[in-house]
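Before any comments, here is the structure.
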Amino acid sequence: MAQGITKREEDYSKWYNDIVVQADLADHSSVRGCMVIKPHGYAIWENMQHVLDKMFKDTGHVNAYFPLFIPKSLFEAEEKNAEGFAKECAVVTHYRLKTDPKNAGKLIVDPEAKLEEELIVRPTSEAIIWNTYKGWIESYRDLPILVNQWANVVRWEMRTRLFLRTSEFLWQEGHTAHATKEEAIEETEKMLEVYADFVENWMAVPVVKGKKTANERFAGADETYCIEALMQDGKALQAGTSHFLGQNFAKAFDVKYVTKENKQEYVWATSWGVSTRLMGALIMSHSDDNGLIIPPKLAPTHVVIVPIHKTEEGLAKITDLANTIKNNLKQKNISVKYDNRDSYRPGFKFAEHELKGVPVRVAIGERDLANGTVEVARRDNLTKEVISISEIETYIEKLLVDIQSNLFERAKARQANLTTHVNTFEEFKKTLDEKTGFVYAHWDGTPETEEKIKEETKATIRCIPLNNLQEAGVCIYSGKPSTQKVLFARAY
RNA sequence: CGGGGUGUAGCGUAGUCCGGUAUCGCGCCACAUUUGGGAUGUGGAGGUCGUCAGUUCGAAUCUGGCCACCCCGACCA
């Protein structure tokens, strides 16, 4: 167990890395750009999956699984999508190794085992899925198709960061097919709402919902919706995207259906996804210089009980009490870990569970037994209280709810403080450099201006917020007329 | 792919200029004493010094090639 976490104000990215590694969430693997998600990190991801999966099912979706490999000819069918991902694709060219005749014990790629057609390791699955949907859809009676898959994908990134950007990552991708444009757009918006609901109410991370500009749009989409979150260092993080794909994939893969009126029509499509990147958002939204902070609704362990004893008899009594509390809390669906390891002292355990982000710690000592109390410490604000044993269960139940909402309110207040409206390019640059955060500014709506602003400031348009206030103004860069302010930020 | 840096025990390091078989801390193992915020003592295990070749009686140290990783840029959920 390492002891020092870099302070946030000293070096924010180092702090982030320290948290990920020292809180046992993930590690660099010996595969370049790929990480090992460790049990503690994976447990949090599993909780995210469970909640999201239920939300998907509740909105009528079902799960399925499609292949990891996509033949190049299928991959290239939707041109824009293919072009967008071409630069970061892993490609399988051979299917066999053989022993090296010149170097005993070593293997080489068998040059005679070259594939007729290369296989692309999926960076996303639209191509293989729409190729499949072609066979599933004949009539309007086959629609809609509402399928999700949990999978890994590979995008050959040049620079990687644990959870935020790795060459391989885990995600879910929903792929739906609809009879009408309206229905597909409704689906796209519905899933954006699902994501916003999850990220705000389970992860306790406030988001701005919006649409991407043409530059930032998913390759192959007509419209990309997104949720944007703001991290503690004032940088934005895209937390989820939902795409209205129009008829682009239906046309590329020739997926038509027969209407009631016996007419042939192309199918309308959506796709939407969130990834293990959410882990990064979770970490960077709440954690502090003592380590990770996990919102109760996603914490693998809600409460840890630490015994403090002087004698064996004392320990036995504490253990009895701990087990009673544990069982009572279990009735309330609160998961409890009794940390009775005898090789570590209480102070060490306190620090360790803080580092790993357990929301509530209960310490029980022999003094408590005499007084009929326990000490309860909350992770979010590091405060402690002495609570009577008789009311411990109801107290903790309420405390977990408090912590969840406190984390959200805290993050929300921070986001509000780090949101600025500006009217000139000077103000814009100054805000980005000195204050950071979300910056609202007028933009003339052209990709050229967006590109110039990005080149000069490294800030991108994160989104055009939904239900955005319409107000006449002039673009901060070009001085041309604008109808609304859009959301800029430097981003991960 | 460009520019910079680093490779010595599980982790962090000293030693490299000036060649003589590797230092310290954390962690690990055993035992004892401890336990209300990261315990202490005693004993112990653990290293082809990134890799390959060269120079030398002798290389962590000098020379050359290669490899890996990190940081900065171009790219990106």
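First the proteins, then the strands, lettered A, B, ... as listed; each starts at 1.
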Would you tabulate the side-chain donor-acceptor contacts of residues 369-376 of chain A under 3.5 Å, counting partners in other chains and residues two or more places apart, or write 'none'?
from, atom 1, to, atom 2, distance (Å)
A:N371, ND2, A:R367, O, 3.3
A:T373, OG1, A:D368, OD1, 2.9

Practice task
May I ask you to verify if any side-chain N or O of A:R345 is less than 4.0 angstrom from the OP1 or OP2 atom of B:U40?
Solution key: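 It does not, given that no N or O in the side chain of A:R345 lies less than 4.0 Å from OP1 or OP2 of B:U40.
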Problem - Ion pair check, A:K317 and A:E366, cut-off under 4.0 Å - result: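 Salt bridge flag = no for A:E366 with A:K317.
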Practice task
Rounded to the nearest 0.5 Å, what's the gap from OG on A:S242 to CD1 on A:I227? Could you check?
Solution key: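 A:S242 atom OG to A:I227 atom CD1 measures 10.0 Å (nearest 0.5 Å).
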Do [X] and [Y] come close enough that some side-chain heavy atom pair is under 4.5 Å?
X      : Y      : value
A:F66  : A:H175 : no
A:Q149 : A:E173 : yes
A:R155 : A:F169 : yes

Which part of the nucleic acid does [X] contact within heavy-atom distance under 4.0 Å: base, sugar-phosphate only, or nothing?
X      : answer
A:L237 : nothing
A:F169 : base
A:T224 : nothing

Where the side chain of [X] is defined as all heavy atoms beyond and including C-beta, which of [options] is the nearest nucleotide?
X      : options             : answer
A:F348 : B:G38, B:G36, B:A77 : B:G38
A:R361 : B:G37, B:A77, B:G36 : B:G37
A:S275 : B:A77, B:C70, B:G36 : B:A77
A:Q238 : B:U35, B:A77, B:A39 : B:A77
A:R277 : B:G37, B:A77, B:G36 : B:A77

For atom [atom1], what is the distance between [N] and [M], given to the nearest Å?
N     : M     : atom1 : answer
B:C75 : B:C18 : P     : 45 Å
B:A59 : B:G19 : C1'   : 6 Å
B:G50 : B:A9  : P     : 8 Å
B:C28 : B:G10 : P     : 15 Å
B:U8  : B:A68 : C1'   : 16 Å
B:C17 : B:U40 : P     : 38 Å
B:G12 : B:A74 : C1'   : 33 Å
B:G38 : B:A60 : C1'   : 35 Å

Distances for protein N/O vs nucleotides 73-75 of chain B N/O pairs under 3.5 angstrom?
from, atom 1, to, atom 2, distance (Å)
B:G73, OP2, A:R159, NH1, 3.3

Distance check needed: [N] [atom2] versus [X] [atom1], whole Å only.
X      : N     : atom1 : atom2 : result
A:L369 : B:G36 : CG    : P     : 15 Å
A:R32  : B:C67 : CZ    : P     : 13 Å
A:K14  : B:G12 : NZ    : P     : 11 Å
A:D342 : B:A30 : CG    : P     : 11 Å
A:I308 : B:A39 : CD1   : P     : 13 Å
A:E375 : B:U35 : CD    : P     : 17 Å
A:D339 : B:G36 : CG    : P     : 14 Å
A:K317 : B:U35 : NZ    : C1'   : 17 Å

Problem - Ring-face cation of A:R462 near A:F438 (centre distance under 6.0 Å, axis angle within 45°) - result: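 No.
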Exercise for the section: State which residues pass side-chain contact (heavy atoms from CB on, under 4.5 Å) with A:H61; sequence neighbours excluded, sorted by chain then number. Expected result: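 Result, side-chain contact (heavy atoms from CB on, under 4.5 Å) vs A:H61: A:F56, A:T59, A:L146, A:T176, A:E187, A:M191, A:W272.
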Problem - Partner residues of A:E189 under the side-chain contact (heavy atoms from CB on, under 4.5 Å) criterion, sequence neighbours left out - result: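 A:E189 satisfies side-chain contact (heavy atoms from CB on, under 4.5 Å) with A:I185, A:Y225 only.
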Exercise for the section: Determine the interplanar angle of the A:W130 and A:Y133 rings, folded into 0 to 90°, and report it as parallel if under 30°, tilted if 30 to 60°, perpendicular if over 60°. Expected result: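 Rings of A:W130 and A:Y133: perpendicular, as their planes differ by over 60°.
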Exercise for the section: Map every base of RNA chain B to its dot-bracket character, where paired means a Watson-Crick or G-U wobble contact with both distances under 3.5 Å and | marks a partner outside the strand. Expected result: ((((((((.[[[..)....(...]]].((((((.....)))))).....[[[[[..)....]]]]])))))))....
Less than 3.5 Å apart, which donor and acceptor atoms pair up between the side chains of residues 291-308 of chain A and the rest of the protein, not counting sequence neighbours?
from, atom 1, to, atom 2, distance (Å)
A:K297, NZ, A:N201, O, 3.2
A:H302, ND1, A:S335, N, 2.9
A:H302, ND1, A:S335, OG, 3.3
A:H302, NE2, A:P296, O, 3.1

Problem - Contact nearer the 5' end of RNA chain B, comparing A:Y492 with A:L382 - result: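 The 5'-side residue here is A:L382.
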Handout entry: Given RNA chain B, 5'-ward residue of the pair A:F350 and A:E168, judged by closest heavy atom
Key =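 Looking at the nearest nucleotide for each, A:F350 comes out on the 5' side.
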Handout entry: Distance-only donor-acceptor test (3.5 Å): side chain A:E354, base B:G37
Key =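 Yes, the side chain and the base share a sub-3.5 Å donor-acceptor pair.
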Problem - Distance-only donor-acceptor test (3.5 Å): side chain A:K384, base B:G37 - result: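 Answer is yes: a donor-acceptor pair is held.
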Exercise for the section: Could you point out which residue of A:D288, A:I19, A:V21 forms a side-chain contact (heavy atoms from CB on, under 4.5 Å) with A:I5? Expected result: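 Only one option passes, and that is A:I19.
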